[in-house]
Amino acid sequence: MNYQTYWLKNVKIESGFKWENGQAVKTETETVHLFISHGKIEKITNTLADITNDYPLKDVKDLLLMPSFVEKHVHLDKTYMGDKWQSCLPASSVIERCNIEKNILKSLPSQTHVRAGKLLKQLLSFGSTHVRTHVDIYPEVGLKNLEEVQTAIQNFSGQMSVESVAFAQHGLLNKDTISYMRQAVKHGAGIVGSVDPATVDNNIEASLVQLMDIAVEGNADIDLHLHDPGHLGTFTMKRLAHLTLEAGWQGRVFISHAFGLGGVSLDEVKKTAELLKAAEISIVTSLPTGRDIPPVDFLDEYGIQVAIGNDNIFDSWWPTGNGDILERATRLIERYRWTNEISLSQILKYITGGITTLDRNGHQQWPKTGDSANFLFMDASCSAEVIARRIKPNGVMYKGNLVYGELCKKEPVND
C-alpha cells in the first residue's frame, strides 16, 4: 500500500484521570500534534513550533483520537448482508441449523464475495480495522467459501487486515473435511477451527487431536467454538489446554463462546482457568443474552485475555446485527455495572486487542511513538463517553490512510 507522510494537527488524546476523594471523576485530555510516516506515529509533540512546512498538514480540530477496533469473531461467508430480508427458520439442534443454512446459502442469488464485502464495509464504518472471519469448510463446498471470502478481503486491501479461519462448522470428523481443512491452510487460512467436539463430532479426543495435528502441520493457530455447557464444556477446555501444552502451541489457541465457564461453580472455573492460563489460551465471547457466558471479570483479573466479537450478523443463525462492536462491548456495562469512569474506559481493551488509552491508575498507555497509525477520530470528550454512548467514529484510519469518513466534526442538524 502507499504510505503517506504528514502532520496531524490539534489531536485530542487522553492524559489521565481527575481524582476527587480517591475516585476518578473525569478523564483529562491534552492537545498534541502527530507526525505520521510509513503507517506509524513517528513523533508526538504539543508544540506547534515543531511542525515544519516540509510535509502536508491535516487539522483534526480537537477530535478525540482512539485506537481502532479489532473484530475477533464474524462469519463473512454466512451473512445475507446486501441480499433480501429473511428471518431465521426454527431449528431444534446445531446439526439441523447447519442443514438449513446449507440449503439457504445455495439458494441466494447474490455471490458470497459480494455479501462478505458488504459486511466488511459495515465493520469498517463502525471502526474495525482488523477482522477475524470464520469460513465454513465442508465436502459439499470444498474451498469455494474460502475463495469467495478471499476475493472480498482482497477488495479491502489497504483498508483493513483480515485473518481467515478454516472452520469445520459441520463437524471436523465428517467425511473428507479433514482433507479439505488441510487444503484450506495451504490456500491461506492461518487459523483452523471446529465446533463442539462432543456434540457435533461425538468424539472429544479424536476431534481435538485432529484439530491440533492440522494446526501444527500447517503452522496455524486454533479457534475452537465451544457451546457445550457445564462440565462437558470445561472438560473439553481442559483437554484442549493439555494438548496445547504438549504441542508447544501456547499463545496460539482461542476458545470462542466457552459457555461452560458460565455454568459451573467458581472452584471449577478456577481449575479450568489455571490450565487455560498455563496454555495461554484466550477467550472470545459475543456476550449473548440468555446464555451462561464466561465470567469476563474473573478471567480478566486472572490474567486470561478476553476479546469480544459480533459473531453472526444477519444470517441463518441470527437475524440482527450491523457490525457495531461497541454495541457488544457495552453489554458489559449492564452485566457487571461497570458505570464509573475507570470501568467504562477499560472496556476498550476487549475490542482493541488489549489496548487502552489509560491504565486503571490513569497512566497514559496509548498513543506512543512507534504505534501503528490505526486510529478512530471521535467527536467525544473521552473514551468512557464513547463506550457508554456508543459514539460512531467520524473517521477511520488504517496505517496512516483515511479509509472511512472524514477528519472533521459533523455539523449539528437543526431541528
Side-chain angles (χ1 to χ4, degrees), residues 70 72-77 130-139 141-143 145-147 149-150 153 161-228 233-258 260 272 275-285 304-307 309 311 353:
V70 173
K72 275 293 186 180
H73 188 144
V74 290
H75 297 265
L76 293 179
D77 61 322
H130 181 80
V131 173
R132 172 178 292 182
T133 179
H134 304 268
V135 183
D136 285 3
I137 305 293
Y138 53 98
V141 298
L143 302 186
N145 286 338
L146 180 62
E147 292 165 354
V149 167
Q150 286 175 335
I153 293 171
S161 55
V162 184
E163 53 186 358
S164 300
V165 184
F167 185 50
Q169 172 76 76
H170 307 279
L172 182 62
L173 305 182
N174 177 38
K175 299 179 183 178
D176 298 321
T177 299
I178 291 174
S179 174
Y180 282 111
M181 290 282 284
R182 287 194 164 98
Q183 291 179 46
V185 173
K186 292 178 181 177
H187 283 79
I191 309 170
V192 293
S194 59
V195 58
D196 297 338
T199 52
V200 173
D201 279 329
N202 296 311
N203 191 326
I204 295 174
E205 188 69 11
S207 182
L208 291 179
V209 168
Q210 287 286 0
L211 185 64
M212 184 62 71
D213 283 349
I214 295 169
V216 172
E217 178 187 294
N219 192 27
D221 291 354
I222 289 174
D223 194 330
L224 174 70
H225 289 201
L226 192 55
H227 309 84
D228 287 334
T234 56
F235 174 85
T236 305
M237 292 180 217
K238 287 186 275 190
R239 187 67 193 115
L240 177 59
H242 283 298
L243 290 172
T244 299
L245 291 167
E246 290 173 9
W249 233 237
Q250 294 96 316
R252 302 190 64 175
V253 177
F254 301 77
I255 299 177
S256 290
H257 305 302
T272 307
L275 278 171
L276 295 177
K277 186 175 181 179
E280 300 175 35
I281 293 176
S282 301
I283 301 296
V284 183
T285 177
I304 295 173
Q305 187 172 14
V306 180
D311 198 3

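What you see is a predicted model; the values in this text were computed from it and never measured. The figures that follow rest on heavy atoms only: side chains count, while hydrogens, waters and symmetry mates do not.
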Passes side-chain contact (heavy atoms from CB on, under 4.5 Å), L243 versus V209? Steps please.
CA-CA 7 Å; L243 290 172; V209 168; 4.3 Å; yes
At their closest point, which heavy atom of [X] faces which heavy atom of [Y], and how far apart are they?
| X | Y | value |
| --- | --- | --- |
| L245 | A279 | CD2-CA, 3.8 Å |
| D221 | W249 | CA-NE1, 4.3 Å |
| Y180 | L143 | O-CD2, 3.6 Å |
| Q150 | G188 | NE2-CA, 4.0 Å |
| V192 | A215 | CG2-CB, 3.9 Å |
| D201 | N174 | OD1-N, 4.4 Å |

From [X] [atom1] over to [Y] [atom2], what is the distance, rounded to the nearest 0.5 angstrom?
| X | Y | atom1 | atom2 | value |
| --- | --- | --- | --- | --- |
| Q210 | R182 | CD | CZ | 6.0 Å |
| I304 | K277 | CD1 | NZ | 7.5 Å |
| D77 | E147 | CG | CD | 12.5 Å |
| K238 | H242 | NZ | NE2 | 8.0 Å |
| I178 | S207 | CD1 | OG | 8.0 Å |
| K186 | M181 | NZ | CE | 13.5 Å |

Any sub-3.5 Å donor-acceptor pair from [X]'s side-chain atoms to [Y]'s backbone N or O?
| X | Y | value |
| --- | --- | --- |
| R252 | T244 | no |
| T177 | L173 | no |
| N145 | D136 | yes |
| T133 | L76 | yes |

side-chain contact (heavy atoms from CB on, under 4.5 Å), paired with L226, selected from I255, T199, L240, V195:
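When side-chain contact (heavy atoms from CB on, under 4.5 Å) is applied between L226 and each of I255, T199, L240, V195, only I255 qualifies.
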Given N202, L224, I204, D228, the one that forms side-chain contact (heavy atoms from CB on, under 4.5 Å) with D196
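The option that passes is D228.
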Mind checking whether [X] and [Y] have side chains closer than 4.5 Å, heavy atoms only?
| X | Y | answer |
| --- | --- | --- |
| E280 | Q305 | no |
| V162 | V149 | no |
| M237 | L275 | no |

Which of parallel (below 30°), tilted (30 to 60°) and perpendicular (above 60°) describes H73 and H134?
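Ring orientation, 0 to 90° scale: tilted.
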What orientation do H225 and F167 show, parallel under 30°, tilted 30 to 60°, or perpendicular over 60°?
tilted
Evaluate the criterion side-chain contact (heavy atoms from CB on, under 4.5 Å) for residue pair M212 and L208; output intermediate values, then yes/no.
CA-CA 6 Å; M212 184 62 71; L208 291 179; over 6 Å; no
Stepwise, does the side-chain contact (heavy atoms from CB on, under 4.5 Å) test hold for L172 with I214?
CA-CA 11 Å; L172 182 62; I214 295 169; 4.0 Å; yes
